[in-house]
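Right, one structure below, let's go through it.
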Amino acid sequence: MNKSIGNNGPYNPVITGTGSAVPVKTLTNADFTKIVDTSDKWITTRTGIKVRHVAGEGETTATLSAEAARKALADADLDADDVELIIVATITPEMVFPSTACFVQDMIGAKNAWAFDLAAACSGFVYGLSIVQQFISTGRYRNALVIGAETLTRITDYDDRASCVLFGDGAGAVIVEASQKGPPGIIYSTSASDGSAWASLKCEAYGSRYPVSKPLDDPKKALMYINGREVYQLAIRRIVEIVNDCLEHCGLKAEDVKMYIPHQMNARIIESAAKRLNLSSDKVFLNIEKYGNTSAASIPIALDECCRQGKIDAGDIVLLVAFGGGLTWGANVIQF
Ligand code: ACO
């Protein structure tokens, strides 16, 4: 392995804490057979999903974010007072404004931070780490709290059997701290978008194009729409491309990476991409079975699980890779 890979500033942006939170209420595949014409067999074989968590009364994107954030702060042994920056990646924000990040700031008492939201659908968390990498490695900030959080079930179309079975709610959080002695931390980030394909994954209302003040010609515009077939092949292609880009840029071989943590969009998409990359299945983290697709929350939830299950040791290299609405895609290479 090439040990010379390093950061682009005087400080290493090191992940010092992780946390996650999901609602208690769940929807199983058996539950879905009472909602739409489907079966456990179809959902399991086509998506890999068995269960997803669904926000109940009083649970929102901000409350889930705050719970994940508190766990990440405890894991990093950092006081909320000391947090300097909060980014919440979400496409299901608490409100149109203020930002979900401002709600989280208030809920956890991080009164010295500045806070904003980032909307990049399933790529939101990797975009967030890419931003924070710059702020921390240059020494501009000593730490940042990056959260991916969604309540997708609040914009799910439960009449559409192809999409409604996919989505779940949850939040994951990490603390990134500046270090001069610690491990390299986030060593490479890459991000991309293609706005011309926006219509394949969308929720059109309510925004300035379809404001709440005017009745919608189609009430479904307020719900998520995905062209699953269109996105399927593209997702595989982009994931393969971006993983290869990361390996090449960092001078790594595929086997140098201890764990690949992809956005949990569909187990078949992940398995196809892993096959094309010649990755052994034990290197690719999959937990979609338990949570479904939680968009921006899926990678930080998976990373938290990996850390808590002892799958990542000091010195290990982990690669996070995402693809989603926008279209957007991106990746981070992290040495722990
Ligand atoms: N139960 C039973 N049958 C179903 C279901 C269901 N839940 N859903 C669809 N079918 C049927 C279809 O009607 C179709 O029947 P037909 O052949 O008689 O027309 C058949 O199954 C096959 O449908 P496909 O759409 O070809 O199924 P596919 O294998 O592609 O799976 C899926 C659909 C799961 C949506 C897949 O395409 C996918 O995961 N795509 C990517 C999803 C995605 O983009 N996720 C990330 C974006 S989310 C974000 O950014 C927030």
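Counting convention: from 1, in listed order, for ligands and their atoms alike. On a predicted model such as this, the values are computed, not experimentally measured, just so you know.
From the protein, the heavy atom lying nearest to atom 17 (O) of ligand 1 is Arg229 NH2, 4.5 Å. What sits closest to atom 47 (C) of ligand 1 on the protein, heavy atoms only, is Leu201 CD2, 3.4 Å. Closest protein heavy atom to atom 50 (O) of ligand 1: Cys122 SG, 3.0 Å.
Residue contact check: Ala162 has heavy atoms under 4.0 Å from atoms 8 (N), 9 (C), 35 (C) of ligand 1. Within the listing of ligand 1, atoms 44 (O) sit less than 4.0 angstrom from a heavy atom of Val231.
Lys50 pairs with exactly one of Asn29, Thr28, Thr44 by the side chain to side chain donor-acceptor pair (under 3.5 Å) rule, that one being Thr44.
At distances below 3.5 Å, not a single donor-acceptor pair connects side-chain atoms of His53 with backbone N or O atoms of Gly168.
Cluster membership for Ile147 and Leu320, using ILVMFWY side-chain heavy atoms within less than 4.5 angstrom, is not shared.
With a heavy-atom cut-off of 4.0 Å, Ile269 touches ligand 1 through its side chain alone.
Side-chain polar atoms of Ser200 and Asn227 form no donor-acceptor pair below 3.5 angstrom. For the 3.5 Å distance criterion, the side chains of Glu150 and Thr92 qualify, holding a donor opposite an acceptor.
Taking distance alone, with nitrogen or oxygen atoms compared against 3.5 Å, Asn266 approaches ligand 1 more closely than that limit.
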